[in-house]
There are 2 protein chains.
Amino acid sequence: MKECKNVCDTQSCFVCQRCLPDWLPAVKAQRINFEVKKGQSIFAENDLVSGIYFIYSGTVKVHKRWDKDKELIIRFAKAGDIMGHLGLGKDPKYPVSATALEPTVLCYIDRAFFESTLKVNTDLTFKLMHFFADELQHSRKSMLDFVHMSVKARIAKSLIALRNQFGMSADNTINLELSRQDLASFSGASYETLFKVVNELTLNKIVELTGRRIKILDEAELLNIINQDNLNVK
Amino acid sequence: MKECKNVCDTQSCFVCQRCLPDWLPAVKAQRINFEVKKGQSIFAENDLVSGIYFIYSGTVKVHKRWDKDKELIIRFAKAGDIMGHLGLGKDPKYPVSATALEPTVLCYIDRAFFESTLKVNTDLTFKLMHFFADELQHSRKSMLDFVHMSVKARIAKSLIALRNQFGMSADNTINLELSRQDLASFSGASYETLFKVVNELTLNKIVELTGRRIKILDEAELLNIINQDNLNVK
DNA sequence: CGAGTTGTTGACCTACTTCAATTCTCGTGG
DNA sequence: CCACGAGAATTGAAGTAGGTCAACAACTCG
């Protein structure tokens, strides 16, 4: 991980202004930007928490391995998102790993400095608390979905989620290239099962996967699958 | 839900002092205590968020139905715990339900008042943020466990979790009476499967279930089951 | 052009869930 | 005090989603 040449400490620096979420102006002084190559690890589970990361550009997957070739992707993070905030809790270890999916520029803020900023800046802390409340709600929801939805519905949900987070271009292609492997990990399914389901969806003209490109052809039908499944469990 | 006679607004009130977590002294003025009967609902999913609850005494299950006779118990809450804090997020609805498992006394704090207290009290907000970070970490972890652990291991984990949260008396009985139905919902398994697994555990002298009483005889073996399973997934 | 990944597919296999049948338990009214 | 009915406990049998494995195709990259 080499230090980015865009290290900056003035308001006028374009890079850093974008690097931080707009509600975090207070920490603009003490920070360092890093550049990470595609596929490179940013932090790994059980690493000691040393700070918090903000993404300036690129995309990162936050994931947890539980075996050599098995992992669950918990979420994706893109420009403007926070990472490593779980380290703010009691346990001073990152419970998950983060790996860059494309060349990524990150902004790193030392934990001690971040915490002392929080102590001073009520408003910031308040907003961060709200952010956590939202995250928690979202996390709970996806946990429930995992437990009671079928793999097919989970895949449909994953696709919709990707679309919502990254948007799609005019031709309905999701603005994120993703391997099937990662898609499987994100849906909590085995690679082969994902393949079979995606195949079926392709035959029914609901989605189209060419290489790492994902195209959603029939969103209504995807939503249908998700809902049907909710009912089918009866 | 009838108003409890122990409504109080002075420091000297025993009830209210215990009702609030020790790090929340600031809100001691504006609150109301309620009494809830066993099995009674405190709030249900999609209810509009009106406030936040603290448990003074008793036990509550926080759960989500997804069908008439299917639910997942997300967590249990006991004296001193917070409930309904997810409503602090963007979406002004409770995403889950809460139901009393035994006669319970709750302390209710209006959302607006709670929020304005937070705005003033930096330290409180800071601690709450940390609490959320911990919760989030815990929530993520249990999501992962659900995805990759076998039912047997999930049940073992549930038992350990109950022991940790509620403790056990001298004869190794967990200090919480729980129906098998609820135990199944907590482990994310069907009633029958839970039964069979519990049966096996009983035969092997690992646990003992008599009625709603749960006794842990061989904790080491339970932990073993959890770990074995982690490995078995290979 | 081989050797090594990475896609594709089919055939099992297993851990659950679901369903159905039976027994047990306990409250209630005759 | 007993009978009886409702609901829980208990158990077995059958069905199924989806994970695993193994084989092959197809596409890289030296």
Side-chain angles (χ1 to χ4, degrees), chain A residues 38-39 65-72 101 144-158 177-203 207-214 225-226 228-234, chain B residues 38-39 65-72 101 144-158 177-203 207-214 225-226 228-234:
Chain A
K38 177 175 173 174
R65 319 200 81 81
W66 76 78
D67 188 61
K68 186 161 50 61
D69 38 46
K70 256 184 215 175
E71 66 174 11
L72 185 76
L101 285 178
L144 281 156
D145 289 345
F146 261 107
V147 176
H148 83 271
M149 282 168 75
S150 73
V151 164
K152 189 173 170 186
R154 291 207 305 258
I155 290 172
K157 198 181 82 94
S158 301
E177 306 223 326
L178 204 57
S179 74
R180 279 142 208 260
Q181 192 55 261
D182 279 342
L183 204 50
S185 299
F186 188 45
S187 316
S190 73
Y191 179 80
E192 290 93 333
T193 305
L194 176 106
F195 186 86
K196 286 159 192 171
V197 172
V198 160
N199 226 10
E200 187 196 329
L201 294 179
T202 306
L203 289 175
V207 298
E208 198 180 306
L209 285 201
T210 43
R212 298 162 60 85
R213 259 195 201 91
I214 305 166
I225 290 172
I226 298 175
Q228 256 184 353
D229 205 77
N230 274 333
L231 300 176
N232 275 351
V233 191
K234 213 194 48 172
Chain B
K38 177 175 173 175
R65 319 200 82 80
W66 75 78
D67 188 61
K68 187 160 50 61
D69 38 46
K70 255 183 216 175
E71 66 173 11
L72 185 76
L101 285 179
L144 281 156
D145 288 345
F146 260 108
V147 176
H148 83 272
M149 282 168 76
S150 73
V151 165
K152 189 173 169 185
R154 290 206 308 257
I155 290 172
K157 197 181 82 96
S158 301
E177 306 223 325
L178 204 58
S179 73
R180 279 142 208 260
Q181 192 55 260
D182 279 341
L183 204 50
S185 299
F186 188 47
S187 315
S190 73
Y191 179 80
E192 290 92 332
T193 305
L194 175 106
F195 185 86
K196 285 159 193 171
V197 172
V198 160
N199 226 11
E200 187 196 327
L201 293 179
T202 307
L203 288 176
V207 298
E208 197 180 305
L209 285 200
T210 43
R212 298 162 61 86
R213 250 185 211 100
I214 306 166
I225 289 171
I226 298 175
Q228 254 186 354
D229 205 76
N230 273 334
L231 300 176
N232 275 351
V233 191
K234 211 193 50 164

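Below, chains carry the letters A, B, ... as their sequence lines are ordered, and counting in each starts from 1.
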Rounded interatomic separation in angstrom, taking CZ from A:Arg180 and C1' from C:dT5 = 15 Å
request  = Ignoring hydrogens and angles, tell me if any N or O in the side chain of B:Arg154 forms a donor-acceptor pair with the backbone of B:Gly188 under 3.5 Å.
outcome  = yes
key: Distance in Å, B:Lys196 NZ paired with B:Glu192 CD, rounded so as to fall on 0.5 Å steps   = 6.5 Å
request  = Supply the atom-to-atom distance A:Glu71 CD to A:Gln181 CD, rounded to the nearest 0.5 angstrom.
outcome  = 7.5 Å
request  = Walk me through it: do A:Arg180 and A:Leu209 pass the test side-chain contact (heavy atoms from CB on, under 4.5 Å)?
outcome  = CA-CA 9 Å; A:Arg180 279 142 208 260; A:Leu209 285 201; 3.6 Å; yes
message = Distance check needed: C:dA15 P versus B:Arg154 CZ, whole Å only.
response = 14 Å
query = Looking at CG of B:Leu194 and OG of B:Ser185, how far apart are the two atoms once the value is rounded to the nearest 0.5 Å?
reply = 9.0 Å
remark   = Double-helix bend of the helix from C:dC1-D:dG30 to C:dG30-D:dC1, axes at both ends from 5 pairs, round to 10°, gives 20°
query = Atom CG of A:Leu144 and atom CZ of B:Phe146: how far apart are they, to the nearest 0.5 Å?
reply = 8.5 Å
key: Nearest-angstrom distance from the residue atom NZ of A:Lys152 to P of D:dT16   = 16 Å
inquiry  = Could you tell me how far apart A:Lys70 (NZ) and D:dC21 (C1') are, to the nearest whole angstrom?
reply    = 12 Å
request  = Could you please spell out the steps behind the side-chain contact (heavy atoms from CB on, under 4.5 Å) verdict for B:Glu177 and B:Leu101?
outcome  = CA-CA 9 Å; B:Glu177 306 223 325; B:Leu101 285 179; over 6 Å; no
message = What is the separation between atom CZ on B:Arg212 and atom P on C:dC26, rounded to the nearest whole Å?
response = 13 Å
query = Can you name the nearest heavy-atom pair linking A:Ile226 to A:Met149, along with the distance?
reply = CG2-CE, 3.7 Å
task = Check whether any side-chain heavy atom of B:His148 sits under 4.5 Å from a side-chain heavy atom of A:Leu72, and report yes or no.
result = no
request  = Scan residues 192-201 of chain B against DNA chain D and write down, sorted by residue number, each residue with any heavy atom closer than 4.0 Å; if none is found, say none.
outcome  = B:Glu192, B:Phe195, B:Lys196, B:Asn199
remark   = When rounded to whole Å, the OH to C1' distance for the pair B:Tyr191 and D:dG7 reads 10 Å
Close residues, residues 183-190 of chain B, relative to DNA chain D [heavy-atom separation under 4.0 Å] = none
remark   = Looking only at C:dC16, D:dT20, D:dG18, the nucleotide nearest the A:Val151 side chain is D:dG18
